[in-house]
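Written out below as structure tokens is the structure these notes cover.
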Amino acid sequence: MTKIYLTNTKTRRKAEFTPLDPANVRMYLCGPTVYDRAHLGNARPVVVFDVLYRLLRHVYGPDHVTYVRNFTDVDDKIIARAAEAAVAGDSRPMVEIIHTLTDETIGWYHDDMDALGALKPTHEPRATEYIGQMVAMIEALIVRGHAYAAEGHVLFDVRSYPEYGALSGRSVDDMIAGARVEVAPYKRDPMDFVLWKPSDAGVPGWDSPWGRGRPGWHIECSAMSDALLGPSFDIHAGGIDLQFPHHENEIAQSMCVHPEAGFAQVWMHNEMLQVEGKKMSKSLGNFFTVRDLLEKGVPGEVIRFVLLGTHYSKPMDWTEKKREEAEATLAKWRELVSGVDANQIPDPAVLEALSDDLNTAGAIAALHECENSGNVAVLKASARLVGLLEDGMGEWAVARSAYYALKSVLVARAKARANKDFKTADKIRNVLSEFGISLEDMPDGRFKPKLDAIKVFEHFNALPLQEKRAFIGDDSYMEGSKVSVFLVTNAYQQMVSKKILEALK
RNA sequence: GGCGGGUUGGCGGAGAGGUUACGCAGCGGAUUGCAAAUCCGUGAAGACCGGUUCGAUUCCGGUACCCGCCUCCA
């Protein structure tokens, strides 16, 4: 069996991964708080740990891995966003606005992560479905002397858990030294964090032994992982910014409820995505969403490739150059493997790279080696280990080199070339190139059109809604909804084709 | 202030204590109506200063710079 090595944030070491139960390998990834579209930084852990999920399924068998990724659908940011909507004129009750907001955001999230080729986790629990378990857990913490109720709040007593700070490598005293924590009179210690807080009327709340209220951040992940994976499981993952306080608090909560269990064996954290050398984050406002990219015409598969091009433990910059290179490489590979049977054993070098702490950049290098050695069937099979070159994700590549829509222009140019009318032939090629379509002459006299998807979508996005609908021939198309890359590029090529033929008359 | 991470060739980006990473770009050649593509070949690195070693870009220590967390964040 393939040995997998993973870096454990808890021990700061890379070690061989040994599941608690090889028949049921369990991993948990902290999912989004659902009040807004996912930005590209949110996509990194999803894609990275999707590869881990695929690797585990490959090694232990698809039926022997349980993957949980939650939705946090109760949170003050959600309430704040709903309040904005109310101010903006939404007259429905707050709870209803919130429900619509979270449902809609979850739908977007699914659309966007699907586009990136992320497999569906085994379970995608919503926090609001686990309020009962959270209350039970908080009660247990109080009984065990790790939490206390005060003024409608329930707080975790960090001094009651000597290990607090072990994951992030800091002591409670260190943290207080440079602290910017909320100092509330009802806190025994400034570092104590909220497990439960009171809800005013008009804000989501649930009945509890401490009055009507809602859970604090952190507790939902402890409750959901416990309910779906048990008190001990294998891997807990998330962005490095969650290491503290979120994961530290999760550990405190879970370990104090189940001191006999080990909670997560391995903690994995991905580094941040950067823009111009700075972390991409909502608070800095320097983010763009996955949807922004998709609408610009960047295929999800290309985004995935770029995200996997840097090891998860290092910060990465999203750049236009990376996007271009990724698209060129994938387009080449898709052409090479089209029609090839992928029912092959993946390249051992790819598997080895992935098994070595999820070295996706190394795996991609190994895929290049597959290409160089001419083994396209193995290339295809191996690429699927990292979720690339999958069926159903290559529509963009077909559209990119589609002949159909340009057929009449291509025929016209072939005739011109046959007649040694190079002036016309070159004119056609030049005009095509102005529209972002480059034409390569092949040795056998045929051509290979390639088009710049970004340019195509710039054209499409600039059109008013009515013209967009006419352009792609879909009356039901709505602004912001999903649109087929194939449809758009095809329509674009037809338009260009028509213009050139008119000009030649 | 506390804690953690990073610094590799023109660019991106890995592994390995001694042997070609890989990709893109470049350069040379083949091919070509032209352009592109393709194929073959090829140069180029390890922030700085010490230490360990027969040998370090790889291990250890220090310096500089950059970044993250400590406040909502993947």
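From a predicted model like this one, the values you see are computed outputs, not experimental measurements. These values consider heavy atoms only, across backbone and side chains, with no hydrogens, waters or symmetry-generated copies. Letters A, B, ... are given to chains in the order of the sequence lines, protein chains preceding strands, and every chain is numbered from 1.
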Say you pick atom [atom1] in [N] and the same atom in [M]; how far apart are they, in whole Å?
N: B:rG28; M: B:rA37; atom1: P; value: 15 Å
N: B:rG5; M: B:rU63; atom1: P; value: 16 Å
N: B:rA14; M: B:rG33; atom1: C1'; value: 44 Å
N: B:rG10; M: B:rU19; atom1: C1'; value: 26 Å
N: B:rA44; M: B:rC39; atom1: P; value: 24 Å
N: B:rC22; M: B:rG15; atom1: P; value: 15 Å
N: B:rC65; M: B:rC49; atom1: C1'; value: 15 Å
N: B:rA45; M: B:rA25; atom1: C1'; value: 16 Å

When you check the gap from the basic side-chain N to the acidic O, do [X] and [Y] get nearer than 4.0 Å?
X: A:D441; Y: A:R429; result: yes
X: A:R54; Y: A:E390; result: yes
X: A:K14; Y: A:D357; result: no

[N] pairs with which nucleotide, Watson-Crick or G-U wobble, both distances below 3.5 Å?
N: B:rA64; answer: B:rU7
N: B:rC69; answer: B:rG2
N: B:rG41; answer: B:rC27
N: B:rG15; answer: none

First of A:G239 and A:N372 reached from the 5' end of RNA chain B, by closest nucleotide: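 That would be A:N372.
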
Residue mapping more 5' on RNA chain B - nearest nucleotide basis, A:G31 or A:I240: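 It is A:I240, whose closest nucleotide lies nearer the 5' terminus.
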
Partner of A:H218 under ring pair (Phe, Tyr, Trp, His ring centres under 6.0 Å), chosen from A:F193, A:F244, A:W196: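 Output: one option passes, namely A:F193.
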
Categorize [X] for me: base, sugar-phosphate, or nothing, with a 4.0 angstrom heavy-atom threshold over every strand shown.
X: A:R37; value: nothing
X: A:R170; value: base
X: A:H246; value: nothing
X: A:L439; value: base
X: A:D76; value: nothing
X: A:S438; value: nothing
X: A:E324; value: nothing
X: A:F244; value: sugar-phosphate
X: A:N359; value: sugar-phosphate
X: A:G169; value: sugar-phosphate
X: A:G165; value: nothing
X: A:S168; value: sugar-phosphate
X: A:K314; value: sugar-phosphate
X: A:I364; value: nothing

Using whole Å, what does the distance between atom [atom2] of nucleotide [N] and atom [atom1] of [X] come to?
X: A:N419; N: B:rC34; atom1: CG; atom2: C1'; result: 17 Å
X: A:H368; N: B:rA21; atom1: NE2; atom2: P; result: 16 Å
X: A:K450; N: B:rU38; atom1: NZ; atom2: C1'; result: 10 Å
X: A:F422; N: B:rG33; atom1: CZ; atom2: P; result: 7 Å
X: A:L308; N: B:rG23; atom1: CG; atom2: P; result: 18 Å
X: A:L29; N: B:rA74; atom1: CG; atom2: C1'; result: 8 Å
X: A:H236; N: B:rA74; atom1: NE2; atom2: P; result: 13 Å
X: A:D241; N: B:rC3; atom1: CG; atom2: C1'; result: 16 Å

Atom pair OH/CG of A:Y67 and A:L119 - distance to nearest 0.5 Å: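 Rounded to the nearest 0.5 Å, the OH-CG separation comes out at 9.0 Å.
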
Measure from the side chain of [X], starting at C-beta and using heavy atoms only, and say which of [options] lies closest.
X: A:K321; options: B:rC11, B:rG68, B:rA21; result: B:rC11
X: A:R417; options: B:rG33, B:rC22, B:rA74; result: B:rG33
X: A:P245; options: B:rC70, B:rG13, B:rA35; result: B:rC70
X: A:K332; options: B:rA37, B:rA74, B:rC24; result: B:rC24
X: A:A361; options: B:rU38, B:rC70, B:rA14; result: B:rA14
X: A:K278; options: B:rC67, B:rA14, B:rG33; result: B:rC67
X: A:D441; options: B:rC34, B:rA36, B:rG68; result: B:rC34
X: A:K322; options: B:rC22, B:rG4, B:rG12; result: B:rG12

Aromatic plane relationship, A:Y492 with A:F435 - under 30° parallel, 30 to 60° tilted, over 60° perpendicular: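 Rings of A:F435 and A:Y492: perpendicular, over 60°.
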
Result of checking A:L358, A:D50, A:V65 against A:L55 for side chain to side chain contact (heavy atoms under 4.5 Å, CB included):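 Only match with A:L55 under side chain to side chain contact (heavy atoms under 4.5 Å, CB included): A:L358.
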
Reference residue A:E301; test side chain to side chain contact (heavy atoms under 4.5 Å, CB included); the match among A:V306, A:L388, A:L116: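 Result: among A:V306, A:L388, A:L116, A:L388 is the only option passing the side chain to side chain contact (heavy atoms under 4.5 Å, CB included) with A:E301.
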
Answer with yes or no whether [X] presents, from its side chain, a donor or acceptor under 3.5 Å of a partner atom in the base of [N].
X: A:R44; N: B:rA74; answer: no
X: A:D426; N: B:rG33; answer: yes
X: A:D75; N: B:rC72; answer: no

Side chain to side chain, A:L432 and A:I428, heavy atoms closer than 4.5 Å: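 Side chain of A:L432 against side chain of A:I428, heavy atoms only: contact under 4.5 Å found.
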
Intermediate values then yes/no, side-chain hydrogen bond (donor to acceptor under 3.5 Å, both in side chains), A:S199 and A:R214: CA-CA 6 Å; A:S199 288; A:R214 60 190 191 280; 3.1 Å; yes

